[in-house]
Novice: 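Dumping the structure here so I can ask a few things about it.
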2 protein chains.
Amino acid sequence: MPAVNDCIEMLDSETKAVETPEDHAEELRLWLRLLTCTTLIEGEVRGRLRQRFDVTLPRFDLMAQLDKAPDGMTLSDVSKRMMVSNGNVTGLVERLVESGHLDRRTSETDRRVQVIRLTKLGRAEFRRMASEHETWIADLFADLTPKDVRELMRLLAKTKASAQKSAARRRP
Amino acid sequence: MPAVNDCIEMLDSETKAVETPEDHAEELRLWLRLLTCTTLIEGEVRGRLRQRFDVTLPRFDLMAQLDKAPDGMTLSDVSKRMMVSNGNVTGLVERLVESGHLDRRTSETDRRVQVIRLTKLGRAEFRRMASEHETWIADLFADLTPKDVRELMRLLAKTKASAQKSAARRRP
DNA sequence: GGGAAACATTTTAGGCTTAAAACAATTTGG
DNA sequence: CCAAATTGTTTTAAGCCTAAAATGTTTCCC
């Protein structure tokens with residue numbers, strides 16, 4: 001009896017009292033919009049880095065991590081911070097060592113560990129790129145008021161926590 | 001005299017009256033947080049798609065576009081919608097045609113154009129995946145209240161508009 | 001009509017990315 | 001002590017992705 005079914009579904013969607021196929025369209029739209037924003041900005045930054053400095057985004061990101069760590073980082077550290085796979089970092093580091101931006105040495109205390117640092121050249125180039133990069137980002141977010149920025153920061157922090165909790169539920 | 005300099009900088013950062021090297025650290029932090037959220041969720045979705053359905057995220061995304069277009073789409077349409085390069089779509093479509101999920105034919109009216117559609121198999125598989133996918137997304141955003149979701153939607157719409165405007169300024 | 005511009009797609013070359021397996025070194029627990 | 005588990009990195013195989021150049025087709029407009 002379709003009529004009865006319709007009633008039940010309407011009731012549910014209004015009151016959230018019953019367990020039936022729920023509507024998660026809002027969350028889905030939110031996710032797509034989040035993804036759109038990120039893709040848009042990421043593509044813009046990628047293009048500007050390439051045009052202005054002939055550098056790729058992953059290389060820039062890796063250098064950004066190292067700039068914050070004057071004593072260097074292990075490959076695992078970098079991999080966790082950048083949220084990419086280990087093997088990915090291996091290749092990235094290889095190319096940046098090759099181009100003279102990174103210094104890589106085996107730890108004295110643990111011969112499994114590779115410690116990487118920015119070279120003088122690498123640091124200088126990164127600083128030069130980073131200051132321009134910061135103005136790009138400011139420009140991309142220019143229409144947001146300081147209040148918007150604060151509110152977004154708060155909601156994204158909540159989003160991040162929610163997603164981490166959900167991920168942990170599945171992989172305890 | 002460093003003391004004087006400090007005063008000027010503090011004044012500026014408080015009042016925004018003078019034009020000096022401005023501080024865009026807040027926007028930068030916002031961008032990094034946005035990127036973190038997306039990377040986190042995207043990685044989670046990618047992993048679940050692989051484990052549950054042995055499908056990649058780009059394939060799923062492409063099928064999602066086609067599911068909304070019963071009459072098919074051209075490769076250019078897909079490329080614009082997915083915000084990826086043309087060449088990328090060519091390869092993706094190739095593999096999905098090969099696996100029987102997509103049907104590709106040259107347009108009768110314009111022989112430059114390739115029109116792609118989901119096959120029966122492709123549509124069935126996509127629907128099966130999509131309904132589960134929707135629950136994953138809902139779970140990942142579970143800690144956000146309906147008000148949070150609305151507010152995020154609003155702020156991300158503003159962000160998207162701002163970024164598009166900034167991109168257009170560069171590439172008119 | 002015909003050449004130039006615009007458009008849709010593919011190709012190319014190179015880099016990024018992942019998951020999984022392999023390898024190497026250290027730590028741990030009996 | 002030493003075998004087993006753990007940890008850090010690299011390798012492998014496959015796929016994703018981009019920018020730029022090349023190819024084929026249509027449209028524009030003189």
Novice: Base, sugar-phosphate alone, or nothing: which one does B/Ser79 contact when heavy atoms must sit under 4.0 Å apart?
Specialist: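 Contact class for B/Ser79: none.
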Novice: Counting only side-chain heavy atoms from C-beta out, which of C/dA8, D/dG8, C/dT17 sits nearest to A/Ser76?
Specialist: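 The listed nucleotide nearest to A/Ser76's side chain is D/dG8.
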Novice: For A/Asp110 and A/Glu42, take the nucleotide of DNA chain C holding the closest heavy atom to each; which residue's nucleotide lies nearer the 5' end?
Specialist: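 Its nucleotide being nearer the 5' end, the pick is A/Glu42.
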Novice: With heavy-atom distances below 4.5 Å as the criterion, would you say the side chains of A/Asp67 and A/Arg123 are in contact?
Specialist: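 Side-chain contact under 4.5 Å: yes.
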Novice: Between A/Leu92 and A/Asp61, is any pair of side-chain heavy atoms under 4.5 Å apart?
Specialist: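 Contact flag for A/Leu92/A/Asp61 side chains = no.
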Novice: From C-beta outward on B/Asn88, which listed nucleotide comes closest to its side chain: C/dC16, C/dT26, D/dC17?
Specialist: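 Looking only at heavy atoms from C-beta outward on B/Asn88, the closest nucleotide is D/dC17.
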Novice: Check this for me: does any side-chain nitrogen of one of B/Glu98 and B/Arg95 sit under 4.0 Å from a carboxylate oxygen of the other?
Specialist: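 Between B/Arg95 and B/Glu98 there is no salt bridge, as every charged N stays at least 4.0 Å from the carboxylate O atoms.
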Novice: Assign A/Thr56 to base, sugar-phosphate, or nothing according to its heavy-atom contacts below 4.0 angstrom with the strands shown.
Specialist: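 Sugar-phosphate only.
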Novice: With DNA chain D as reference, determine whether A/Gly43 or A/Gly91 sits nearer its 5' end, using the nearest nucleotide of each.
Specialist: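 Nearest-nucleotide comparison on DNA chain D picks A/Gly91.
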Novice: If you draw a 6.0 Å radius around CZ in A/Arg48, do more than 12 non-hydrogen atoms from other residues or ligands fall strictly inside?
Specialist: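 Yes, the 6.0 Å shell around CZ holds more than 12 heavy atoms from other groups.
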Novice: Between A/Glu44 and B/Arg170, is the salt bridge (charged side-chain N to carboxylate O under 4.0 Å, His left out) condition met? List the steps.
Specialist: CA-CA 10 Å; A/Glu44 199 58 27; B/Arg170 279 235 157 242; 5.4 Å; no
Novice: Would you indicate, yes or no, if D/dA20 has its OP1 or OP2 atom less than 4.0 angstrom from a side-chain nitrogen or oxygen of A/Arg50?
Specialist: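 The answer is yes; a side-chain N or O of A/Arg50 sits under 4.0 Å from OP1 or OP2.
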Novice: Regarding B/Arg154 and B/Glu151, does a basic nitrogen lie under 4.0 Å from an acidic carboxylate oxygen?
Specialist: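 Yes, this pair counts.
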Novice: Starting at the 5' end of DNA chain D, which residue's closest nucleotide do you reach first, A/Gly47 or A/Gln114?
Specialist: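 The answer here is A/Gln114.
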Novice: If you find the nucleotide of DNA chain C closest to A/Glu108 and the one closest to A/Ser85, which residue's nucleotide is nearer the 5' end?
Specialist: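 Checking each residue's closest nucleotide, the 5'-ward one belongs to A/Ser85.
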Novice: Using the C1' atoms of the five pairs at each end, what is the angle between the end axes of the helix from C/dG1-D/dC30 to C/dG30-D/dC1, to 10°?
Specialist: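 Here the helix ends are tilted 10° relative to one another.
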Novice: Does a side-chain N or O from A/Arg59 land closer than 4.0 Å to OP1 or OP2 of C/dC16, or not?
Specialist: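 Result: yes.
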Novice: Taking only the side-chain heavy atoms of B/Asn86 (C-beta and beyond), determine which of C/dT9, D/dC17, D/dG15 contains the nearest atom.
Specialist: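 It is C/dT9.
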Novice: Side chain of A/Arg104 only, heavy atoms from C-beta on: which candidate in D/dC17, D/dT10, C/dT18 is closest?
Specialist: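 The answer is D/dT10, which lies nearest to the side chain.
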Novice: Among D/dT9, C/dT18, C/dT11, which nucleotide sits nearest the side chain of A/Val84?
Specialist: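 Output: C/dT18.
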Novice: The side chain of B/Leu75 lies closest to which of these nucleotides: D/dT11, C/dT10, D/dT10?
Specialist: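 The answer is C/dT10.
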Novice: Checking only heavy atoms, does the side chain of A/Arg112 share a donor-acceptor pair with the base of D/dT7 at less than 3.5 Å?
Specialist: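 Such a pair exists between side chain and base.
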